[in-house]
Protein chains: 2
Amino acid sequence: MFELDLRSRKPIYEQLVDKLKELIINEVFKPDEQLPSVRALAQDLTINPNTIQKAYRELENQGFIYSLKGKGNFVSQNNGVMDTQKIDLVLNELEKLIQEAFYLGVKPSDLIAVIEKLKAPKGGDEYYD
Amino acid sequence: MFELDLRSRKPIYEQLVDKLKELIINEVFKPDEQLPSVRALAQDLTINPNTIQKAYRELENQGFIYSLKGKGNFVSQNNGVMDTQKIDLVLNELEKLIQEAFYLGVKPSDLIAVIEKLKAPKGGDEYYD
DNA sequence: CATACTGTATTAATCATATTAGTACACTTG
DNA sequence: CAAGTGTACTAATATGATTAATACAGTATG
């Protein structure tokens, strides 16, 4: 399904959270789609089921998935409600990175180009190549 | 000088790296300015000198500071040379955050506004381009 | 109802890392 | 020389991540 860096200083469960979040945001996993079971994914990635569960729990806390006992873990609906608290956190991180980019010599127009490139993937499958 | 969250899951030395990097980028610490000595900062923050040194070494590896034995640690000149490898890393992180922002309902125009806001240097007597 | 899936919880052991503590050495400055 | 600086090293401790094993509860299906 994807790769993990077991040697990384970044904990496995955090890598899992990041990757799964990315897949959800990019709608590789669609709303209400079932994620791999804790045990199945653990076997697939050759890591402990507890580590998978820890990642799933974190994703649930962050609102990206919901879980039903006995059924499985599923991708949350993106309900359109603005979570201002979370937005503030993301914008704060964003500001730091933008400043660092400026420091490295990236120009504002370059960043705006990035934004344009990633703008709202509303339509169907959009993979240019 | 600044505050650390000793309870945070984020290591102290990483918090230090982030904060110092921020101060350097925003030119609170100017090029060739001397940073607090390892021992002085350790005493100031009530943490171990080794932890400070670890942060300083990391900042040196990232090119933000340079150190002279017996003299001290100093802010690097921003030499204007494009470190494309580092830029790619930052842009990659940036893309993830931008996508997450979109997912949370932030509009492209909002992000562009953030860029415009940060475009101007903090120092004061600088000029725009 | 039995079986086999699912999520969840708990405990313990192990491993890796961060942090502290103490000491030592080399260099610079006055 | 004395007092400041960075740097290196070892050891002990603390914290967190990961694994392991087990158990329990809910769901689906034949």
Side-chain angles (χ1 to χ4, degrees), chain A residues 1-21 24 29 31-77, chain B residues 1-21 24 29 31-77:
Chain A
M1 173 158 302
F2 38 60
E3 299 164 11
L4 297 176
D5 182 1
L6 299 182
R7 299 177 192 169
S8 170
R9 35 278 165 211
K10 192 168 203 173
I12 297 175
Y13 80 94
E14 280 189 20
Q15 294 182 48
L16 266 171
V17 168
D18 287 347
K19 301 240 178 191
L20 290 170
K21 195 190 293 187
I24 292 173
F29 286 132
D32 289 327
E33 181 176 343
Q34 183 168 7
L35 296 172
S37 80
V38 169
R39 292 175 179 83
L41 188 53
Q43 189 169 7
D44 184 12
L45 299 177
T46 328
I47 58 181
N48 194 281
N50 292 335
T51 306
I52 307 288
Q53 197 208 338
K54 190 170 185 179
Y56 278 179
R57 195 191 314 156
E58 177 63 20
L59 284 170
E60 189 180 16
N61 288 337
Q62 294 189 25
F64 285 93
I65 69 175
Y66 61 92
S67 73
L68 302 177
K69 228 192 251 180
K71 300 192 71 174
N73 287 277
F74 303 86
V75 177
S76 295
Q77 290 282 351
Chain B
M1 174 158 302
F2 39 59
E3 298 166 11
L4 297 176
D5 183 1
L6 300 183
R7 299 176 192 169
S8 170
R9 33 281 164 209
K10 191 168 203 171
I12 296 176
Y13 81 94
E14 280 191 20
Q15 295 182 48
L16 266 172
V17 168
D18 287 348
K19 301 239 177 190
L20 289 170
K21 196 189 293 186
I24 292 173
F29 286 131
D32 289 327
E33 182 175 342
Q34 183 167 7
L35 296 173
S37 80
V38 168
R39 293 175 179 82
L41 188 52
Q43 188 169 9
D44 185 13
L45 299 177
T46 328
I47 58 182
N48 194 283
N50 293 333
T51 306
I52 307 288
Q53 198 208 338
K54 189 169 185 180
Y56 278 180
R57 195 192 316 155
E58 176 63 20
L59 284 170
E60 189 181 16
N61 289 337
Q62 294 190 23
F64 286 94
I65 70 176
Y66 61 94
S67 73
L68 302 178
K69 228 193 254 181
K71 299 191 70 173
N73 287 277
F74 303 85
V75 176
S76 294
Q77 290 281 351

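Note on naming: letters A, B, ... go to the chains in the order of the sequence lines (proteins, then strands), and numbering restarts at 1 for each one.
Of the possible polar contacts, none joining the A:Glu60 side chain to the A:Asn73 backbone as a donor-acceptor pair under 3.5 Å is found. Under the 3.5 Å distance criterion, the side-chain polar atoms of B:Gln15 are matched with a main-chain donor or acceptor of B:Lys10.
Taking 4.0 angstrom as the limit, B:Lys54 places a side-chain polar atom (N or O) nearer than this to OP1 or OP2 of C:dA18. OP1 or OP2 of C:dT29 has at least one side-chain nitrogen or oxygen of B:Lys71 nearer than 4.0 Å. The phosphate of C:dA18 (OP1 or OP2) has a side-chain N or O of B:Tyr13 nearer than 4.0 angstrom.
Closest approach of A:Val75 to A:Tyr66, counting heavy atoms only: O-CE2, 3.3 Å. Of all heavy-atom pairs between B:Tyr56 and B:Ile65, the closest is O-CD1, 3.4 Å. For the residue pair A:Val38 and A:Pro49, the shortest heavy atom distance occurs at CG1-O, 3.4 Å. Listed here is the closest heavy atom pair of B:Phe29 and B:Pro36: CZ-CD, 4.4 Å.
With B:Leu45 as the partner, the side chain to side chain contact (heavy atoms under 4.5 Å, CB included) test is satisfied by one option alone out of B:Leu16, B:Ile12, B:Thr51: B:Leu16.
Protein atom CZ of B:Arg57 is 11 Å distant from nucleotide atom P of C:dA18, rounded to whole Å. Between the NZ atom of A:Lys69 and the C1' atom of C:dC5 there is a distance of 16 Å, given to the nearest Å. Atom CG in A:Leu59 sits about 12 Å away from atom P in C:dT8, given to the nearest Å. Atom pair B:Gln53:CD and C:dA18:P shows a separation of 15 Å (rounding to whole Å applied). Rounding to whole angstrom units, CG of residue B:Leu4 and P of C:dT20 are separated by 10 Å. Between A:Lys10 atom NZ and C:dA18 atom C1' there is a gap of 18 Å when expressed in whole angstrom units.
Using a 4.0 Å cutoff to heavy atoms of chain B, the contacted part of DNA chain D runs 5' to 3' from D:dG4 to D:dC9.
Residues from residues 31-52 of chain A lying near DNA chain C, meaning a heavy-atom separation below 4.0 Å, are A:Ser37, A:Val38, A:Arg39, A:Asn50 in numerical order.
Residue A:Glu33 places its CD atom among more than 12 non-hydrogen atoms of other residues, nucleotides or ligands, all under 6.0 Å distant.
Ranked by how close their nearest DNA chain C nucleotide is to the 5' end, A:Arg7 and A:Ser67 are led by A:Ser67.
Distance check, rounded to the nearest 0.5 Å: CG of B:Asn48 to CD of B:Gln53 gives 10.5 Å.
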